Amino acid sequence: MIIKIYGEWLVLSFIATMNLVLLLATFSLFIGVLSEEGLNPGIVNVGAIFSFNTINGKVAKVAMKAAEEDINSDPSVLGGRKLSIQLHDSNFSSFLGIIGALQFMETDTVAIIGPQSSEMAHVLSNLANELQVPLLSFTALDPSLSPLQYPFFVQTAPNDEFQMTAIAEMVSYFSWSEVIAIFSDDDQSRNGIITLGDKLAERRCRISYKAALPPGPTAKRVDVLRELDKIQMMESRIIVLHSFSRTGLLVFEAAKSLGMMGKGYVWIASTWLSTVLDSFSPLKPEIANSIQGALTLRPHTPDSKRKRNFMSRWNQLSNGSIGFNPYGLYAYDTVWMIARALRLLLDQGGKISFSNDSRLDGISGSTLNLSALNAFDGGKLLLSKILETNMTGLTGHVQFNQDRSLINPSYDIVNAVGNGQRLVGYWSNHTGLSIVPPETLYSEKPNRSSSNQHLDKVVWPGGETARPRGWVFPNNGRELRIGIPRRVSYRDFVLLVNGTDKVQGYCIDVFLAAIKLLPYAFPYRFIPFGDGHKNPSYYELVNKIKSGVFDGVVGDIAIVTNRTRIVDFSLPYIESGLVVVAPVKKISSSAWSFARPFTPLMWAVAAAFFLIVGSVVWILEHRRNDEFRGPPKQQFITILWFSFSTMFFSHRENTVSTLGRLVLIIWLFVVLIINSSYTASLTSFLTVQQLSSPIKGIDTLIGSNERIGFQVGSFAEGYLMEELNIPKSRLVPLGSPEEYALALERRNVAAVIDERPYVDLFLSEHCEFSVRGQEFTKSGWGFAFPRDSPLAIDMSTAILSLSENGELQKIHDRWLSKSACSSENSEDDIEQLDLKSFWGLFVICGIACMLALLVYFWLMFRKFSRLPPEELDTTSPSTSRSTRLQTFLSFVDEKVEKPKSSSKRKRESMSRNGYHINDESPHRSGRMDRNMSQNGDSWLTQ
């Protein structure tokens, strides 16, 4: 094996060596012997390699010679030197292009403009790297020409990465998801389409088919027709054509003959078409007719006086041989870019000198004059000056960014209409699609939001102005394969009639009604999925779309997360969600029904607070309110009576203290809420037939170890295990409603979890069961299609129409409105009111009681501490702490007289000071004296 591999390596090495020798030998036939006198040091040589019989070749030749003339007419540009542009016609041949480059290297050329094609640029860039001669091209715009690999190659026009980004944004703007790419099979076109695929993928679009045509001028009509015949049979009608003018026009002519330039088609051509529109105006009728409605891009160059002056000179410069297009501006600016860089090089002391490469001396021979190839000593410095360019040219502001691409790349978006063209908008790397020139937006912040993207109306192929849908059903005679589940239970949703191919059911009727609303024919056939013995796995059914077995799936397909990762769904046509079904029993009214609204804990806490509040009010009112005084037994009865009478707001005792009134107001508010809640709950308990079950919902099941049933094939199994962490050992698969009922009756499972539509049908025939709790998932059923399929959007629109016109509800009533059990049997238990519903009120009331007591005892202690020692009888040293406490409690328990009114205090003061009221009658005076005497005695005895 090793010997065999080594032998193959020797053969390949020999073939490569012979090819190199042949190439160099051919080169020696094309180059002459150098003049011994040398070159004129006052002339700076710049080479240019193009195919000058192409559109861009002709335009570039005129523009470069114009730039040469303008530069040489101003001696200050090159410091007295003359610029000489040497032209070499590669004539579509990479081989001739290489020969031309070698000739330029032999004649001490400081830079080369070109080549025109990217495949030639890949080869010449290696030569430029070795001899350090900058290579500048405004037409070889392959995105793969990396500056890291080819440091001496500079693209002086926006490369195709930006053009493909613009096309991708146009596709996204018009809401298309798939395109077909037609391209010439050369480096530039192929790599451009690869870049387009990447840019479309970023926007959730894709290239569905790539049609490669023979490169350059070798493409024949038969090659084009063969690819177009394939494309005609495909679904997508969005076609991107990335080629050169000759091949591109051949494609349009063939497409016109096949009827592919009519209604429903969209053609987007790269910049080659805009060069045709600009350079041959007016177009020949046969060309104009073949491109009607096509969109194309044109490099955008801002309007300026210099640009208008140059365009006005064009006919004189070209002698009418070719029309003007923007690549003429890039050619002109490229020459000036080199001239300015040379001037900077000379101003900084650089010299234009060349030296032989010593590596070539050893392989020179009698037939190969490789030693004539000279390396440019100032090549690196000249390259750096080119990359530092910062000038205003005919194309606008010219400057390179860090990745060596021009700043602010932008394009005009042109629509081929009539015998000419129509501008419909712009694209720029700054703001995307717009209808205003990009240079007016550079001062604003970038805004790439969808709402900020705008284009004018487009006239599409066939003369349509409405946006084409962009796809049709493949014209290959194949019906769409629609998978349906072969159900063995709940066949009201999908039913295969035995012995026939007929399919019916709720889901089928919705699908059939929806496709009637589609604006196109929908050829299809149903393909059952499943063995007919048990319900199939719906995940496997949906996965058949991803694997290409089905083109869509129709049925009771729940829209859940793991399925949306592999397919696209229509809008749901019925709501769904998982619910818990469990056995229930009726609860009859009893003698103790009045106690059911509250839980035992709630009753206990409420009773405790009645006593607490009564005790607090008694403490606050005891010293000054006679209604809260008396023997201990009477006071205890007063506390109980006052406490529970507040429940009915029938307490007779008045409160006189501020703190007591505050506590009572808060408590009465709490009692009001409790009374209202109790009344409402008791009414529900007594008027609605109740169903009892130990299972209250999904939380009850999660917290228990009971077994749970689920429908075979449903997503419920995965949801319970993955989302709710219920062990698989607790899950029991059930295949039919009969198995549901049997498992529940025999207590094989505590409950069954299934989707709401199934449960509604199940409960319509089994009234001994009921839904417990609420739906704990929210979803719906929809139709599944491949990712990014436009069918999902159109079917969603149709389902919305069915919902709006009431047809969807009619289908539902026809299939799913079964005679159900009475509504009372499907109601959940009315929950007892527990403490957590009122704990906030009890906390507020408790805090109010505590604060009131704290304030009250603080005031009492303050008054007690201010009493004279003789009144306290605590002057004896032997007074104990317990005695002092008893004294304090006695003080708190003492009755405090109501304060006297101000009139009484005034009369007593007047009497003590000897004043008498003379105008009063003797009878009244005597009565006042007696009253004052009695009050004085009472005050003294207090």
Side-chain angles (χ1 to χ4, degrees), residues 490 493 556-561 572-587 596-599 602 677 680-681 683-685 687-711 714-726 730-732 734 737 740-741 743-744 749-782 812 816-818 820-839:
Y490 294 115
F493 298 105
D556 44 342
I557 313 297
I559 304 173
V560 293
T561 304
Y573 55 87
I574 186 174
E575 293 184 356
S576 180
L578 293 179
V579 294
V580 177
V581 179
V584 292
K585 62 179 181 179
K586 294 182 179 180
I587 300 177
R596 291 180 61 194
F598 290 158
T599 62
M602 177 63 188
S677 302
S681 182
T683 302
S684 300
F685 275 108
T687 58
V688 177
Q689 178 63 55
Q690 297 301 305
L691 303 176
S692 175
S693 173
I695 297 173
K696 305 301 182 183
I698 187 62
D699 293 334
T700 306
L701 293 175
I702 294 175
S704 70
N705 293 319
E706 299 285 351
R707 303 181 76 192
I708 304 170
F710 67 93
Q711 184 181 172
S714 171
F715 75 95
E717 179 184 15
Y719 181 86
L720 294 174
M721 291 191 300
E722 297 170 8
E723 301 296 332
L724 303 183
N725 298 318
I726 296 177
R730 292 179 54 195
L731 302 180
V732 179
L734 302 173
Y740 285 13
L744 290 171
V749 295
V752 171
I753 291 180
D754 207 349
E755 296 178 70
R756 189 73 196 222
Y758 302 126
V759 170
D760 289 342
L761 282 181
F762 174 71
L763 295 180
S764 66
E765 299 177 357
H766 298 83
C767 300
E768 66 273 24
F769 309 110
S770 176
V771 173
R772 312 304 297 164
Q774 303 296 321
E775 291 184 9
F776 55 93
T777 66
K778 292 291 184 181
S779 62
W781 292 353
H812 179 277
L816 304 181
S817 292
K818 301 293 178 101
C821 302
S822 60
S823 60
E824 62 188 19
N825 288 332
S826 62
E827 294 290 335
D828 290 335
D829 282 348
I830 300 174
E831 296 291 339
Q832 288 182 303
L833 300 175
D834 55 12
L835 183 61
K836 68 181 180 181
S837 302
F838 301 96
W839 71 268

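Remember, it's a predicted structure, so these values are computed and weren't measured experimentally.
Expressed to the nearest 0.5 Å, how far CZ of R707 lies from CG of L701 amounts to 13.5 Å. Taking CZ of F776 as the start and CD1 of I702 as the end, the distance is 7.5 Å to the nearest 0.5 Å.
When each of V759, V732, L744, V580 is tested with V752 by the rule side chain to side chain contact (heavy atoms under 4.5 Å, CB included), just one qualifies, namely L744.
Taking 4.5 Å as the limit, some side-chain heavy atom of R756 sits within range of a side-chain heavy atom of V771. In this structure the side chain of V749 never reaches within 4.5 angstrom of the side chain of I708, judged on heavy atoms. Using a 4.5 Å heavy-atom cutoff, the side chains of H812 and S817 are in contact. Residues D556 and P757 form no side-chain contact, since every pair of their non-hydrogen atoms from C-beta on lies 4.5 Å or further apart.
By the side chain to side chain contact (heavy atoms under 4.5 Å, CB included) test, I559 is found to be paired with T564, F569, P572, residues two or more places apart in sequence or in another chain being considered. In terms of the side-chain hydrogen bond (donor to acceptor under 3.5 Å, both in side chains) criterion, Y573 has no residue partners (sequence neighbours excluded). Partners of Y740 under the ring-ring contact (aromatic ring centres under 6.0 Å, His included) rule, at least two apart in sequence or in another chain, are F762. For D754, the salt bridge (Lys or Arg N to Asp or Glu O under 4.0 Å) criterion is met by no residue, not counting sequence neighbours. In this view, E775 and K778 satisfy the salt bridge (Lys or Arg N to Asp or Glu O under 4.0 Å) rule, not counting sequence neighbours. Residues passing the side chain to side chain contact (heavy atoms under 4.5 Å, CB included) test with E706 are S704, A750, sequence neighbours excluded. In terms of the side chain to side chain contact (heavy atoms under 4.5 Å, CB included) criterion, residue partners of T777 (sequence neighbours excluded) are, by chain and number, L578, Y719. Every residue meeting the ring-ring contact (aromatic ring centres under 6.0 Å, His included) condition with Y758, not counting sequence neighbours, appears here in chain and number order: Y490, F493, W781.
In this structure a side-chain-to-backbone donor-acceptor pair under 3.5 Å is present from R772 to I695.
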Does the pair I574 and L816 meet the rule for a side-chain contact (heavy atoms from CB on, under 4.5 Å), with working shown?
CA-CA 11 Å; I574 186 174; L816 304 181; 4.0 Å; yes

Could you walk me through whether I753 and L731 pass the side-chain contact (heavy atoms from CB on, under 4.5 Å) test, one step at a time?
CA-CA 10 Å; I753 291 180; L731 302 180; over 6 Å; no

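Considering all non-hydrogen atoms of both residues, R730 and I726 come closest at NH1-CG2, 4.0 Å. Contact between L734 and G709 at its shortest, heavy atoms only, is CD1-CA, 4.0 Å.
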